[in-house]
Structures are given as C-alpha cells and as structure tokens.
Protein chains: 2
Amino acid sequence: MSGPRPFANALELLRNAGLRPTRQRLALARLLFDQGDRHVTAEQLHAEVLTASMPVSLATVYNALHQFVGAGLLREVVVNPGRSYFDTNVSDHHHFFLEDAGKLVDIPGDRIDVANVPAPPAGTAIRRVDVIIRVEREPA
Amino acid sequence: MSGPRPFANALELLRNAGLRPTRQRLALARLLFDQGDRHVTAEQLHAEVLTASMPVSLATVYNALHQFVGAGLLREVVVNPGRSYFDTNVSDHHHFFLEDAGKLVDIPGDRIDVANVPAPPAGTAIRRVDVIIRVEREPA
DNA sequence: TTCTGTTTTAGAACTATTCTAATCTGTTGA
DNA sequence: TCAACAGATTAGAATAGTTCTAAAACAGAA
Ligand SMILES: [Mn+2]
Ligand SMILES: [Mn+2]
Ligand SMILES: [Zn+2]
Ligand SMILES: [Zn+2]
C-alpha cells in the first residue's frame, strides 16, 4: 500500500551491486531508477543532477554509468557515432531510434522475432543481439 | 571473358554518382570497390591509400566516404561509440560484430527474419532495420 | 576518532571527426 | 588550346565526447 521508497531503493541497489552508496551515486541512481525506463546520455544525466542542486562532476557521471553497466544495472546502447546512450531497461528488448530527435523507444523483446540466426563465426559466441529500427519524421 | 576493368569501373561509378572523378576519389573508389565486400574505417582507408603511394589527406577520405554514402555507394554502420565503419555492401543485410577484433561480418538479409515488428511511433516511418549480433571470443 | 582504501574532482589529455580558408584541379566553351 | 571558374583538396585548427591524472575529500572500519 505504501508508495515507492526512492531513497531506500537506491541505497539497496548500490549495496547489492557492491558499490559504496556515496552521495553522488545515490543522486544518480535516484535520477536513473526512480522513474520508469529511461535512455539517457552522460551529458543529459549530468545536466539533470546539477539541476537537482546536487553538483556532481562529469567524470563522476561517467564513472558511475560505467560501474552501473558493469553491475548489470544499465546497458549501453550504441546508435550514433560519438555518443552513448545508457538504458535502465536491462531486460531483453530492442529499440526504435528516432534519428531526428535523438530518442530511443523500447520494443519489448517478445514483440520481435529474430529467427534463423546463422551460427556465429568459428571460435566466437553470441553475447547479445541488438535490433535497431531507425525511423525518421514521416514525409508530410 | 575479360577480367574486371578496375579503372573503368571506378570512373563509371563516380560519373554515375555525379561526382567528379578526381585522382583522389578514383584511388579511394578502387580500394573500396575493386575487392569484394568490405567494412573499413576512415583511418584504415587512409592508411591503405597512403600505402598505395597515392597521398590523400584524411579530410578528403572523410569527404569522399560521406559523398559515397550520400550517393548510395556505401552505408555507414554504427557499432562502437566513437568510430564509424563504412560498408561497401549496400544490399539488405545484417552483421556479426566481433568485439575483440573490431571486425564486421556480413549476414545475408535473407538469412535472418525480423518478424512482428511493431508499428513505428506516430508520425515516423521506418528508414532501416539494423540487426547487430555482438560476438566475443569463445571462452576456452 | 583515527586510519585506510575508495571516490570524487578539475582540468588536462585524447580520439575521431569536422571545419576553415587557402590552394589546386577538372571541365567547359571561346 | 587555354582561360576562367566552380568544385575539390589540403594542412592544420577546432570541436565533441570521453577518459585520464593526481590531488583532495570521504565512507566505513576499528
Ligand atoms: Mn563506454
Ligand atoms: Mn558521418
Ligand atoms: Zn531500451
Ligand atoms: Zn556489411
């Protein structure tokens, strides 16, 4: 019956991940995980945390993002050269990429079938399958 | 019965694309299109053209690559943040990405079925569907 | 508290790419 | 044949995103 308990969640999240719950990491974790699924860039998150009047350096934002990826709390999505997106949805799913707006939109994993995938090259194993559907503003 | 005629092909290719057949563009087109399908980075291609003792500036390599993409002779493949690959195979196909080696391997378009693709967000149209299968060296 | 290893930080460094503006070249048509 | 001119090339500077460095701050243990 009680609502979400943001602070406790972030604290637990970091503890579980074996990361010291510093002020900076708590602030970033709350911004990332207290809302629904998100796709953010490092600079976006940095701007957000400053706006929330919790100054965190950009280096710390990058450090935290990579630690969160390493802990399986985030995944990195590559759609654009020269800019990474970090995705709070770590379940099996795919993406629309709205090129004009630079926005990612989730496609649930079970809404797409990737069938007949050939065997990977000798000596390699599949780590992940990414389907990116690039969409553009519809011609009028 | 005659073998391939590289020079004539590159010349024709550029003419068809509405691009002046300069020495630099001819050299780059030959390197790109006279062999089978290729996936190169700008720096790789630059190194190749220098080795072929045809000095071309890096700026020109980038200019030409983008012009070739615009003309539909190449497609850009994004798998890594901070580095673009250019693909001479412009037919409908997908990729294995060997993360350890930084190499792309083609998967013919008809070898993969992407089914049940949901409708794109309102006001947008699908431009392209990219399937990237990330593989890693198999654990021994 | 004090201590110790971890984290944060400002700013420098780095990498891939793009830009600038001066020079050069391919093409055209007199 | 050769100006003339638009288009192409170039070296080097600039930019953008990210990573690195090494010094200061901090969290947690004792
Ligand atoms: Mn990264
Ligand atoms: Mn590009
Ligand atoms: Zn997602
Ligand atoms: Zn390819």
Side-chain angles (χ1 to χ4, degrees), chain A residues 7 10-31 39-50 52-71 73-74 76-86 102 104, chain B residues 7 10-31 39-50 52-71 73-74 76-86 102 104:
Chain A
F7 184 83
L11 192 64
E12 217 175 308
L13 197 80
L14 293 174
R15 289 245 166 84
N16 276 0
L19 296 168
R20 264 196 207 174
T22 63
R23 273 179 289 118
Q24 292 86 343
R25 294 207 273 230
L26 283 166
L28 294 171
R30 276 183 229 119
L31 287 172
H39 303 92
V40 291
T41 65
E43 308 244 2
Q44 278 168 15
L45 185 61
H46 187 229
E48 282 185 27
V49 79
L50 294 190
S53 49
M54 169 69 208
V56 175
S57 77
L58 188 54
T60 294
V61 172
Y62 276 105
N63 288 342
L65 286 172
H66 287 133
Q67 290 151 355
F68 292 178
V69 169
L73 301 173
L74 287 181
E76 197 172 349
V77 180
V78 180
V79 283
N80 247 354
R83 182 175 240 96
S84 275
Y85 288 79
F86 293 87
L104 285 166
Chain B
F7 184 83
L11 191 65
E12 216 175 307
L13 198 81
L14 292 174
R15 288 244 167 84
N16 276 0
L19 296 168
R20 267 199 209 173
T22 64
R23 273 180 289 120
Q24 292 85 345
R25 293 207 274 230
L26 283 166
L28 295 171
R30 275 183 230 121
L31 287 172
H39 304 91
V40 291
T41 65
E43 308 244 4
Q44 278 168 15
L45 186 61
H46 187 229
E48 283 185 26
V49 78
L50 294 190
S53 51
M54 169 69 208
V56 175
S57 77
L58 188 54
T60 293
V61 172
Y62 276 105
N63 288 343
L65 287 172
H66 286 132
Q67 290 151 353
F68 293 177
V69 169
L73 302 174
L74 286 181
E76 197 172 349
V77 180
V78 180
V79 284
N80 246 354
R83 181 174 243 95
S84 275
Y85 289 79
F86 294 87
L104 285 166

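Convention: sequence-line order gives letters A, B, ...; per-chain numbering from 1.
Nearest-nucleotide mapping onto DNA chain D: of B/Q67 and A/E43, the residue sitting toward the 5' end is B/Q67. Taking for each of B/G82 and A/N63 the nucleotide of DNA chain C with the nearest heavy atom, the 5'-most of the two is the partner of A/N63. Annotation: of the two residues near DNA chain C, A/M54 and B/P21, the 5′-most nearest-nucleotide partner is A/M54.
To the nearest angstrom, C1' of D/dT9 lies 14 Å from CG of B/L26. A/H46 places its NE2 atom 13 Å from the C1' atom of D/dT18, with the value rounded to the nearest Å. Nucleotide D/dA8 holds its P atom 19 Å from the CG atom of B/L58, rounded to whole Å. Regarding B/Q44, its CD atom lies at a distance of 11 Å from the P atom of C/dT17, rounded to whole Å. Between the OH atom of B/Y85 and the P atom of C/dT17 there is a distance of 10 Å, given to the nearest Å. Following rounding to the nearest Å, A/N80 (CG) and D/dA16 (C1') show an atom-to-atom distance of 13 Å. Look at CZ on B/R83: it is 15 Å from P on D/dT18, rounded to the nearest Å. B/L65 has its CG atom 15 Å from the P atom of D/dA8, to the nearest Å.
Interatomic distance, B/R15 CZ to B/L11 CG, rounded to the nearest 0.5 Å: 4.0 Å. Put simply, CZ on A/F68 and CG on A/N63 are 10.5 Å apart, with the number rounded to the nearest 0.5 Å. B/F86 CZ to B/L65 CG: the interatomic distance, rounded to the nearest 0.5 Å, is 4.5 Å. B/L13 CG to B/R25 CZ: the interatomic distance, rounded to the nearest 0.5 Å, is 11.5 Å.
For B/Y62 and C/dT17, the shortest distance from a side-chain N or O to OP1 or OP2 is below 4.0 Å. Under 4.0 angstrom from either OP1 or OP2 of D/dA6 there lies no side-chain N or O belonging to B/R20. The side chain of A/S84 contributes no N or O atom lying less than 4.0 Å from OP1 or OP2 of D/dG17. The side chain of B/T60 contributes an N or O atom lying less than 4.0 Å from OP1 or OP2 of D/dT10. Under 4.0 angstrom from either OP1 or OP2 of D/dA25 there lies no side-chain N or O belonging to A/Q24. Put simply, A/R23 has a side-chain N or O that comes within less than 4.0 Å of OP1 or OP2 on D/dC26. For A/H66, no side-chain nitrogen or oxygen approaches OP1 or OP2 of D/dT18 to under 4.0 Å.
Side-chain proximity of A/R25 to the nucleotides D/dT18, C/dG11, C/dT8 is greatest for C/dT8. Among D/dT18, C/dA10, D/dA11, the nucleotide with an atom closest to any side-chain atom of B/A59 is D/dA11. Closest to the side chain of A/T22, out of D/dA8, D/dG28, C/dT8, is C/dT8. When the nucleotides C/dA10, C/dT17, C/dT7 are ranked by their closest atom to the side chain of A/S57, C/dA10 comes out on top.
The backbone N or O of A/A42 lies less than 3.5 Å from no partner atom in the side chain of A/H46, so there is not a single donor-acceptor pair.
Using a 4.5 Å cut-off on side-chain heavy atoms (C-beta onward), A/Q24 and A/S57 make no contact.
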